[in-house]
Amino acid sequence: MQPASCPPANSTELLTRAQQLAGFTLGELAEMANISIPANFQRHKGWSGQLIELWLGAQAGSKPQQDFPELGIELKTIPIDDFGKPLETTYVCYAHLTGIAGIQWQQSNVFNKLSRVLWLPIQGSRDIAPAQRQVGSAFIWQPSTRQNQQLQQDWEEIMDKIAMGEIEHLTARHGEVMQLRPKAANGQVLTTAVGADGQQIKTRPRGFYLKKNFTAAILKQAFALPPQSP
DNA sequence: CCTTGATCATTT
DNA sequence: AAATGATCAAGG
């Protein structure tokens with residue numbers, strides 16, 4: 001068993017590849033891929049995601065698009081506890097803070113990224129060493145009508161405040177299922193945004209994140225037992 | 001600096 | 001304990 005050498009041809013192949021990783025530990029997958037394993041993630045926060053990208057044949061990179069553009073599918077690993085509940089929020093994409101007037105939800109990066117997602121749960125409790133963390137069962141998700149509405153509502157509220165020059169009043173407390181939070185290498189990084197009087201200001205870069213309540217519902221739905229036949 | 005991969009660490 | 005705000009690494 002070894003990492004994929006090319007991108008999957010279709011979504012079925014992608015899902016099959018992902019599901020074949022179930023039950024392996026990150027340490028086993030790293031060893032088979034000839035990659036060194038960090039003792040912790042303090043300085044390797046994106047390690048799991050990049051390891052899985054390698055295994056699934058994602059054309060690695062930091063391009064602002066889906067991981068599998070031909071399939072229209074985004075890959076997200078998600079750390080879960082012993083009860084299958086998410087341990088962290090889920091990063092969606094970078095948030096542009098200027099030139100956003102007139103952008104519609106259906107044309108947004110968030111909508112595009114979340115239109116189809118391959119979720120891969122991975123044990124994430126800090127008392128389990130990275131090498132020992134087990135990969136769970138992957139599944140492909142598309143937002144339901146209601147989930148799309150929840151996302152759209154949060155997105156529109158947040159984007160409206162950004163456009164109105166209220167970025168400095170926007171906190172992670174805004175949004176029911178999705179929030180805006182800092183996203184940068186450190187607090188010294190600054191980008192341009194719109195100020196209260198429409199002038200240009202400098203502020204910390206931000207990104208969109210899915211809150212745990214939202215991803216917990218996705219996981220619950222995916223792993224709910226189907227109705228039993230009598 | 002922008003954007004990806006996220007988790008860490010401090011505050012509530 | 002949970003949530004918010006801050007941070008680490010790498011490619012472009």
Side-chain angles (χ1 to χ4, degrees), chain A residues 3 7 18 21 26 29-30 33 35-69 73-83 85-100 108-110 112-114 117-131 133 135 154 158 162 167-193 200-216:
Chain A
L21 304 182
L26 294 180
L29 293 177
I35 286 178
S36 60
I37 307 152
N40 60 63
F41 288 155
Q42 286 181 15
R43 293 183 165 276
H44 302 271
K45 298 181 182 179
W47 187 84
S48 302
Q50 292 171 347
L51 175 68
I52 301 303
E53 281 185 348
L54 179 69
W55 272 93
L56 298 184
Q59 300 301 282
S62 46
K63 298 177 290 253
Q65 40 186 277
Q66 293 152 319
D67 293 291
F68 302 95
I73 296 178
E74 171 73 7
L75 166 67
K76 286 293 174 199
T77 61
I78 183 167
I80 56 169
D81 65 16
D82 292 341
F83 305 104
K85 300 180 75 174
L87 285 163
E88 296 286 350
T89 54
T90 299
Y91 171 67
V92 180
C93 65
Y94 188 81
H96 288 101
L97 304 179
T98 60
I100 56 177
S108 72
N109 288 170
V110 176
N112 179 249
K113 283 284 182 96
L114 297 181
V117 179
L118 174 74
W119 293 98
L120 183 56
I122 301 177
Q123 287 183 326
S125 298
R126 293 195 197 183
D127 56 12
I128 307 176
R133 296 185 190 181
V135 171
D154 285 347
I158 291 169
I162 293 174
I167 183 68
E168 298 298 11
H169 297 299
L170 257 177
T171 74
R173 294 167 187 78
H174 291 87
E176 294 297 318
V177 300
M178 186 168 64
Q179 61 189 173
L180 196 70
R181 302 221 304 277
K183 176 63 172 171
N186 58 63
Q188 279 66 62
V189 178
L190 295 176
T191 191
T192 304
Q200 292 202 336
I201 62 171
K202 287 297 185 180
T203 189
R204 302 183 337 285
R206 315 297 166 91
F208 285 100
Y209 294 79
L210 297 178
K211 299 181 69 171
K212 289 188 204 172
N213 58 354
F214 190 72
T215 50

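Just so it is clear, the structure is predicted and the values come from calculations on it, not from any experiment.
Backbone-only contact: K76(A) has heavy atoms under 4.0 Å from sugar-phosphate atoms and none from a base. Backbone-only engagement by T191(A) is indicated by non-hydrogen atom pairs under 4.0 Å involving sugar-phosphate atoms exclusively. Within the nucleic acid shown, Q59(A) has no heavy atom closer than 4.0 Å to any nucleic acid atom. Residue-level contact check: P205(A) touches neither bases nor backbone, having no heavy atom under 4.0 Å from any strand. Counting non-hydrogen atoms under 4.0 angstrom, K113(A) reaches the backbone sugars and phosphates but no base. Heavy atoms of F41(A) sit under 4.0 angstrom from primed sugar atoms or phosphate atoms, though from no base atom. Residue G49(A) is classed as a sugar-phosphate contact, given heavy-atom separations below 4.0 Å to backbone atoms only.
In this entry the distance linking CG of D81(A) with P of dA1(C) reads 13 Å, nearest Å. Per the geometry, OH belonging to Y91(A) stands 17 Å off P belonging to dA10(C), to the nearest Å.
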Less than 3.5 Å apart, which donor and acceptor atoms pair up between the side chains of residues 200-208 of chain A and the rest of the protein, not counting sequence neighbours?
from, atom 1, to, atom 2, distance (Å)
K202(A), NZ, T192(A), OG1, 3.0
T203(A), OG1, E168(A), OE2, 3.1
T203(A), OG1, R206(A), NH2, 2.7
R206(A), NE, R204(A), O, 2.7

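Scanning for side chain to side chain contact (heavy atoms under 4.5 Å, CB included) contacts around Q65(A) gives K63(A), P69(A), with sequence neighbours left out. Every residue was checked against the salt bridge (Lys or Arg N to Asp or Glu O under 4.0 Å) condition with E176(A), not counting sequence neighbours, and none meets it. Under the rule for a side chain to side chain contact (heavy atoms under 4.5 Å, CB included), the partners of I128(A) that lie at least two apart in sequence or sit in another chain are Q123(A), S125(A), Q132(A), R133(A). R181(A) is linked by a side-chain hydrogen bond (donor to acceptor under 3.5 Å, both in side chains) to T89(A), Q179(A), counting only residues two or more places apart in sequence or in another chain. Residues satisfying the salt bridge (Lys or Arg N to Asp or Glu O under 4.0 Å) criterion with K211(A), sequence neighbours excluded, are absent altogether. Listed by chain and number, the residues in a side chain to side chain contact (heavy atoms under 4.5 Å, CB included) with A131(A) are I37(A) (sequence neighbours excluded). Every residue two or more places apart in sequence or in another chain that forms a salt bridge (Lys or Arg N to Asp or Glu O under 4.0 Å) with E74(A) is listed here: K76(A).
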Mind listing the N/O atom pairs, protein and nucleotides 4-7 of chain C, below 3.5 Å?
from, atom 1, to, atom 2, distance (Å)
dT4(C), OP1, A172(A), O, 3.3
dT4(C), OP2, Q179(A), NE2, 3.0
dT4(C), O3', R173(A), NH1, 3.2
dG5(C), OP1, R173(A), NH1, 2.9
dG5(C), OP2, A172(A), N, 2.8
dG5(C), N7, R181(A), NE, 2.7
dG5(C), O6, R181(A), NH2, 3.0
dA6(C), OP2, R204(A), NE, 3.1
dA6(C), OP2, R204(A), NH2, 2.3
dT7(C), OP2, G187(A), N, 2.8
dT7(C), O2, K45(A), NZ, 2.5

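The side chain to side chain donor-acceptor pair (under 3.5 Å) pairs that include a residue from residues 44-58 of chain A number zero, where partners must be two or more places apart or lie in different chains.
To the nearest 0.5 Å, the span separating OG on S108(A) from CG on L114(A) amounts to 8.5 Å. Rounded to the nearest 0.5 angstrom, N109(A) CG and Y94(A) OH are separated by 11.5 Å.
The nucleotide range of DNA chain B contacted by chain A, defined by atoms under 4.0 angstrom from heavy atoms of the protein and reported 5' to 3', is dC1(B) to dA9(B).
Defining each end axis of the helix from dC1(B)-dG12(C) to dT12(B)-dA1(C) as the rotation carrying four pairs' C1' atoms onto the next four, with five pairs an end, the two axes are found to diverge by 30° to 10 degrees.
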